[in-house]
There are 2 protein chains.
Amino acid sequence: MRYSHQREAIKKIVQNTNCHPTADWIFNQTKIIIPNISLGTVYRNLKLLEEEGEMNTIYDGNIARYDWNTESHDHLKCKECGDLVDVHLVHEEFTSKVKRKFKFDVDNVEMTVIGTCSKHA
Amino acid sequence: MRYSHQREAIKKIVQNTNCHPTADWIFNQTKIIIPNISLGTVYRNLKLLEEEGEMNTIYDGNIARYDWNTESHDHLKCKECGDLVDVHLVHEEFTSKVKRKFKFDVDNVEMTVIGTCSKHA
DNA sequence: TCTATAACTAGTAATAATTCCTATTACTAG
DNA sequence: CTAGTAATAGGAATTATTACTAGTTATAGA
């Protein structure tokens with residue numbers, strides 16, 4: 001993959017946030033550095049970065065959010081504040097259980113737990 | 001909620017399929033019975049039916065799919081054939097574990113296991 | 001049965017999220 | 001350095017969904 005100023009900027013922005021930004025948020029942040037960048041470039045590079053294993057796409061309802069945390073993990077989503085928090089819930093034995101029970105080869109588990117966080121209980 | 005011919009048709013169509021149809025698929029099926037139905041009507045009624053607890057919305061990447069199975073359940077998604085199969089993987093003890101560990105009140109768990117089904121291994 | 005009314009509809013326009021297309025640019029080999 | 005070419009960029013187009021409006025229909029009560 002060839003070097004690109006735009007891609008580097010996008011990568012840094014995502015890596016320096018703890019929220020799980022949408023493409024639009026990343027686009028607006030990148031515009032501060034590269035004012036004439038286009039949204040298409042943001043999407044394309046996010047996809048490229050994901051393919052390179054530098055990033056993860058998570059779906060919050062039907063909108064994509066991007067996560068620099070590429071370790072396998074899950075999310076707690078508070079319906080009050082919308083906060084999305086990283087947690088590790090699905091373990092190795094789960095994968096082998098699914099394999100055994102359903103003859104299904106697991107690549108990846110996407111889990112979002114929806115509820116109320118301690119701040120809003 | 002008042003009776004509506006259109007809503008009844010939509011409900012029957014979703015309840016009689018084992019696939020997890022998109023709004024567009026449901027729209028096309030409903031058109032066979034009610035040729036001049038509009039896509040907006042389909043979306044509005046799917047939302048109403050979900051609020052009534054007659055249906056569930058699941059998100060497959062960034063498109064919505066509808067599921068008559070309102071029991072809490074999970075999905076196996078084959079990356080080869082795109083098939084989405086209902087399974088029951090998340091149990092009661094999981095919910096209480098999350099509550100204990102993260103002080104997080106669980107309403108609902110959305111889990112999709114992505115991998116390869118036995119037909120495409 | 002008839003009427004009032006509030007929920008509903010089709011159709012269209014708007015919005016939001018994402019992908020596609022074509023000119024431009026960076027890099028490589030000569 | 002220059003030409004060739006493949007990756008990249010910006011903007012237009014597409015897709016999915018929601019909002020709006022004017023007309024229609026189910027249903028409760030007179």
Side-chain angles (χ1 to χ4, degrees), chain A residues 1-14 17 19-67 77 82 84 110 112, chain B residues 1-14 17 19-67 77 79 82 84 110 112 114:
Chain A
M1 186 152 47
R2 218 174 68 181
Y3 172 87
S4 129
H5 179 41
Q6 288 85 344
R7 183 158 52 244
E8 282 308 298
I10 290 164
K11 187 163 132 186
K12 261 184 205 144
I13 283 163
V14 177
T17 183
C19 70
H20 298 76
T22 61
D24 199 62
W25 186 93
I26 298 163
F27 173 54
N28 282 303
Q29 293 297 306
T30 315
K31 267 205 285 202
I32 297 169
I33 306 163
I34 309 164
N36 66 335
I37 196 168
S38 87
L39 189 53
T41 300
V42 172
Y43 273 104
R44 186 166 22 74
N45 282 303
L46 288 169
K47 188 174 280 180
L48 286 168
L49 288 164
E50 167 152 52
E51 283 164 12
E52 293 282 296
E54 303 262 16
M55 208 159 288
N56 239 328
T57 307
I58 59 185
Y59 287 96
D60 178 14
N62 57 356
I63 86 157
R65 291 179 176 278
Y66 299 87
D67 193 341
K77 181 183 176 184
L84 214 56
E110 285 175 10
T112 304
Chain B
M1 187 154 48
R2 215 176 69 181
Y3 171 87
S4 128
H5 180 40
Q6 288 86 342
R7 185 158 50 243
E8 283 306 299
I10 290 164
K11 188 164 132 186
K12 261 185 205 145
I13 283 162
V14 177
T17 182
C19 69
H20 297 76
T22 61
D24 199 63
W25 187 92
I26 297 164
F27 173 55
N28 283 303
Q29 292 298 307
T30 315
K31 266 205 286 203
I32 297 168
I33 306 162
I34 308 167
N36 67 336
I37 195 168
S38 87
L39 188 52
T41 299
V42 172
Y43 273 104
R44 186 165 24 75
N45 282 304
L46 287 168
K47 188 174 280 180
L48 286 169
L49 287 165
E50 167 152 51
E51 283 164 11
E52 293 281 296
E54 303 263 16
M55 208 159 288
N56 240 326
T57 306
I58 57 185
Y59 291 97
D60 178 14
N62 56 359
I63 86 158
R65 291 179 176 277
Y66 298 87
D67 193 342
K77 182 183 176 184
K79 63 180 180 177
L84 213 56
E110 285 175 10
T112 304
I114 293 138

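Please read these numbers as outputs of a predicted model, since none were measured by experiment. Below, read A as the first sequence line, B as the second, and so on, with proteins coming before strands; counting in each chain starts at 1.
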Peer 1: A:Lys11 and A:Met55: which non-hydrogen atoms are nearest, and at how many Å?
Peer 2: CA-CE, 4.4 Å
Peer 1: From CG of B:Leu49 over to P of C:dC8, roughly how many Å is that when rounded to an integer?
Peer 2: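 Taking CG of B:Leu49 and P of C:dC8, I get 11 Å after rounding.
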Peer 1: Starting at atom CD1 of B:Ile63, determine the distance to atom C1' of D:dT14, rounded to an integer number of angstrom.
Peer 2: 14 Å
Peer 1: Search all heavy atoms of B:Ile26 against all heavy atoms of B:Val42 and return the closest pair with its distance.
Peer 2: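 Distance-wise, the nearest heavy atoms are CG2-CG1, 4.0 Å.
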Peer 1: Looking at D:dA9, D:dA16, D:dT8, which one has an atom nearest to any side-chain atom of A:Gln6?
Peer 2: D:dA9
Peer 1: Under 4.0 Å between a side-chain N or O of A:Ser38 and OP1 or OP2 of D:dG11?
Peer 2: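 For A:Ser38, the contact criterion (side-chain N or O under 4.0 Å from OP1 or OP2 of D:dG11) is not met.
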Peer 1: Can you identify which nucleotide, out of C:dA17, D:dT8, C:dG11, has its nearest atom closest to the A:Arg7 side chain?
Peer 2: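 The answer is D:dT8.
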Peer 1: With rounding to the nearest 0.5 angstrom, report the OG1 to CZ distance, A:Thr30 to A:Arg7.
Peer 2: 13.0 Å
Peer 1: My validator wants the stems of DNA chain C: runs of 3 or more consecutive Watson-Crick or G-U pairs, both distances under 3.5 Å, written as range with range.
Peer 2: C:1-30 with D:1-30
Peer 1: Would you indicate which nucleotide in D:dA9, C:dT9, C:dT18 comes nearest to any side-chain atom of A:Leu39?
Peer 2: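 My answer, after comparing the listed nucleotides, is C:dT18.
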Peer 1: Taking the side chain of A:Tyr43 as its heavy atoms from C-beta onward, which of D:dA9, C:dA10, C:dT18 lies nearest to it?
Peer 2: C:dT18
Peer 1: Checking A:Glu52 against A:Leu49 for the side chain to side chain contact (heavy atoms under 4.5 Å, CB included) test, could you report, in this order, the C-alpha distance in whole Å, the side-chain angles of both residues, the deciding distance, and whether it holds?
Peer 2: CA-CA 5 Å; A:Glu52 293 282 296; A:Leu49 288 164; 5.5 Å; no
Peer 1: What distance separates A:Tyr43 OH from A:Lys47 NZ, expressed to the nearest 0.5 Å?
Peer 2: 10.5 Å
Peer 1: What is the separation between atom OH on B:Tyr59 and atom P on C:dA16, rounded to the nearest whole Å?
Peer 2: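 Result: 16 Å.
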Peer 1: Over all heavy atoms of both residues, which pair between A:Tyr59 and B:Gly61 is shortest? Give the atoms and the distance, please.
Peer 2: CD2-O, 3.4 Å
Peer 1: Which letters describe nucleotides 19-30 of chain D, given B = protein heavy atom under 4.0 Å from base, S = only from sugar-phosphate, - = neither?
Peer 2: ------BBS---
Peer 1: Atom CG of A:Leu48 and atom P of C:dC20: how far apart are they, to the nearest Å?
Peer 2: 13 Å
Peer 1: For the side chain of A:Thr41, starting at C-beta, report the closest nucleotide among D:dA16, C:dT9, D:dA9.
Peer 2: D:dA9
Peer 1: Hey, does A:Asn62 reach any base, or is it just sugar-phosphate, or nothing, if we go heavy atoms under 4.0 Å?
Peer 2: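 The answer is sugar-phosphate, as A:Asn62 gets under 4.0 Å only of primed atoms, P, OP1 or OP2.
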Peer 1: Nearest-Å distance, CG (B:Asp24) to C1' (D:dT18)?
Peer 2: 15 Å
Peer 1: Apply the side-chain hydrogen bond (donor to acceptor under 3.5 Å, both in side chains) test between A:Arg65 and each candidate in A:Thr57, A:Asp60, A:Asn56, A:Thr22; give the one that qualifies.
Peer 2: A:Asp60
Peer 1: Report the nucleotide, chosen from C:dT9, D:dA9, C:dC8, that has the shortest atom-to-atom distance to any side-chain atom of A:Asn45.
Peer 2: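 Nearest to the side-chain atoms of A:Asn45, counting from C-beta on, is D:dA9.
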Peer 1: Rounded to whole angstroms, how far apart are CD on B:Glu52 and C1' on C:dC8?
Peer 2: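 The answer, rounded to whole Å, is 14 Å.
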Peer 1: Which heavy-atom pair separates A:Lys31 from A:Ile37 by the least distance, and what is that distance?
Peer 2: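 Distance-wise, the nearest heavy atoms are CG-CG2, 3.9 Å.
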Peer 1: Rounding to an integer number of Å, can you tell me how far A:Glu51 CD sits from C:dT19 P?
Peer 2: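 One finds 11 Å between P of C:dT19 and CD of A:Glu51, rounded.
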Peer 1: Measure across B:Ser38 and B:Phe27 and return the closest heavy-atom pair with its distance rounded to 0.1 Å.
Peer 2: C-CE1, 3.7 Å
Peer 1: Nearest heavy-atom pair of B:Ala23 and B:Leu39: which atoms, and what distance?
Peer 2: O-CD1, 4.3 Å
Peer 1: Roughly how many Å is it from CD1 in B:Ile34 to C1' in C:dG11, rounded to a whole number?
Peer 2: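 Roughly 16 Å, once rounded to whole Å.
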Peer 1: Could you check B:Ile37 against A:Tyr66 and say which one's nearest nucleotide on DNA chain C is further toward the 5' end?
Peer 2: B:Ile37
